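What you see below is based on every heavy atom in this structure, not just the backbone, and it leaves out hydrogens, waters and symmetry mates. In what follows, residues are counted from 1 in the order of the sequence shown. Note that the structure is predicted; figures quoted are calculated from it, not measured.
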Amino acid sequence: MSDIFASLTGAFTLAFVITSMFGLGLGLTVGDIVAPLKNLRLLLLSLVANFLLVPGAAWAIGHLLSLEPDLRIALILVGAVAGAPLSLKAAQIARGDVHFAVSLVTLQVVGTVLFLPFALPLLIPGVSVDPLAVAMPLALQMLLPLGFGLLMN
């Protein structure tokens with residue numbers, strides 16, 4: 001029974017991510033996504049937080065709490081990957097800057113593909129990362145639906 005729930009959860013989560021990204025693309029233009037990136041201070045602070053502070057904090061917490069290796073690796077992985085697409089919905093609910101959130105998540109997806117192959121071997125000794133294995137799910141689940149939505153708009 002738990003296998004069924006796990007499968008359904010995975011399917012619904014994937015559907016949520018794809019439809020959210022597609023829906024955002026329908027409501028935005030390329031200019032809407034590029035314009036917030038001109039605020040260099042906010043952009044740099046956001047990228048430093050996402051690619052330095054959060055992975056560093058995940059690594060430190062894992063070691064300070066003496067987590068089992070599997071849990072420590074999971075925490076580091078969650079801390080080192082691109083911002084969650086759920087943050088886009090959170091920005092909408094909080095009446096935040098959705099355009100900046102979309103811009104940042106899009107940039108984080110691309111940044112993750114470049115960042116992970118270099119960062120994970122430093123954070124998790126002995127691990128190697130295939131950039132294509134990281135890039136494909138991100139591109140197919142986030143960038144492609146966003147691009148289709150922008151194209152249809």
Side-chain angles (χ1 to χ4, degrees), residues 1-59 70-71 73-124 127-153:
M1 189 66 151
S2 65
D3 291 340
I4 294 171
F5 286 124
S7 296
L8 287 174
T9 300
F12 288 135
T13 301
L14 179 61
F16 171 78
V17 170
I18 290 172
T19 56
S20 293
M21 295 304 290
F22 180 71
L24 285 167
L26 286 175
L28 299 172
T29 65
V30 174
D32 291 335
I33 294 174
V34 173
L37 299 178
K38 293 178 183 173
N39 184 345
L40 290 179
R41 182 175 183 273
L42 179 60
L43 178 65
L44 288 175
L45 288 173
S46 299
L47 291 175
V48 164
N50 192 88
F51 291 117
L52 293 178
L53 297 179
V54 174
W59 181 87
D70 291 347
L71 293 175
I73 289 169
L75 183 62
I76 291 170
L77 285 173
V78 169
V81 298
L86 298 175
S87 62
L88 304 175
K89 197 56 154 172
Q92 284 178 327
I93 292 169
R95 295 185 182 101
D97 188 347
V98 176
H99 293 179
F100 181 75
V102 172
S103 300
L104 186 61
V105 168
T106 303
L107 191 58
Q108 288 173 334
V109 167
V110 174
T112 295
V113 173
L114 301 172
F115 174 74
L116 279 185
F118 299 106
L120 284 185
L122 295 174
L123 295 168
I124 307 169
V127 75
S128 63
V129 179
D130 177 12
L132 191 59
V134 173
M136 288 307 292
L138 292 172
L140 293 174
Q141 295 173 13
M142 295 180 73
L143 296 180
L144 194 62
L146 178 65
F148 277 141
L150 289 168
L151 185 65
M152 290 186 72
N153 186 14

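- Here L40 contributes atom CG and K38 contributes atom NZ; the two are 10.5 Å apart, rounded to the nearest 0.5 Å.
- V30 meets the side chain to side chain contact (heavy atoms under 4.5 Å, CB included) test with V34, L150; sequence neighbours excluded.
- Residues L107 and S103 have side chains not in contact (no heavy-atom distance under 4.5 Å, counting atoms from C-beta outward).
- Atom CZ of residue F22 and atom CE of residue M152 lie 4.5 Å apart, to the nearest 0.5 angstrom.
- When all heavy atoms of A58 and I76 are compared, the closest pair comes out as CB-CA, 4.0 Å.
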Set out, in order, the CA-CA distance, both residues' side-chain angles and the distance that settles side chain to side chain contact (heavy atoms under 4.5 Å, CB included) for H99 and L28, then state yes or no.
CA-CA 8 Å; H99 293 179; L28 299 172; 3.1 Å; yes
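- Separating the CD1 atom in I73 from the CG atom in L120 is a distance of 10.0 Å, to the nearest 0.5 Å.
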N/O donor to acceptor pairs below 3.5 angstrom from side-chain atoms of residues 139-148, sequence neighbours left out:
none

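- Between the side chain of T13 and the main chain of G10, no donor-acceptor pair closer than 3.5 Å is present.
- Test L43, T106, L104 against L37 for side chain to side chain contact (heavy atoms under 4.5 Å, CB included) and you get one pass: L43.
- Here CG of N39 is found 9.0 Å from CG of D97. Values are rounded to the nearest 0.5 Å.
- A donor-acceptor pair under 3.5 Å is absent between the side-chain atoms of N50 and the main chain of L47, judged by distance alone.
- In this structure, the side chains of L123 and P55 come closer than 4.5 Å at one or more pairs of heavy atoms.
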Side chain to side chain contact (heavy atoms under 4.5 Å, CB included) assessment of F51 paired with T112:
CA-CA 8 Å; F51 291 117; T112 295; 3.8 Å; yes
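- A 4.5 Å side-chain heavy-atom check between D32 and V102 finds every atom pair outside the cut-off.
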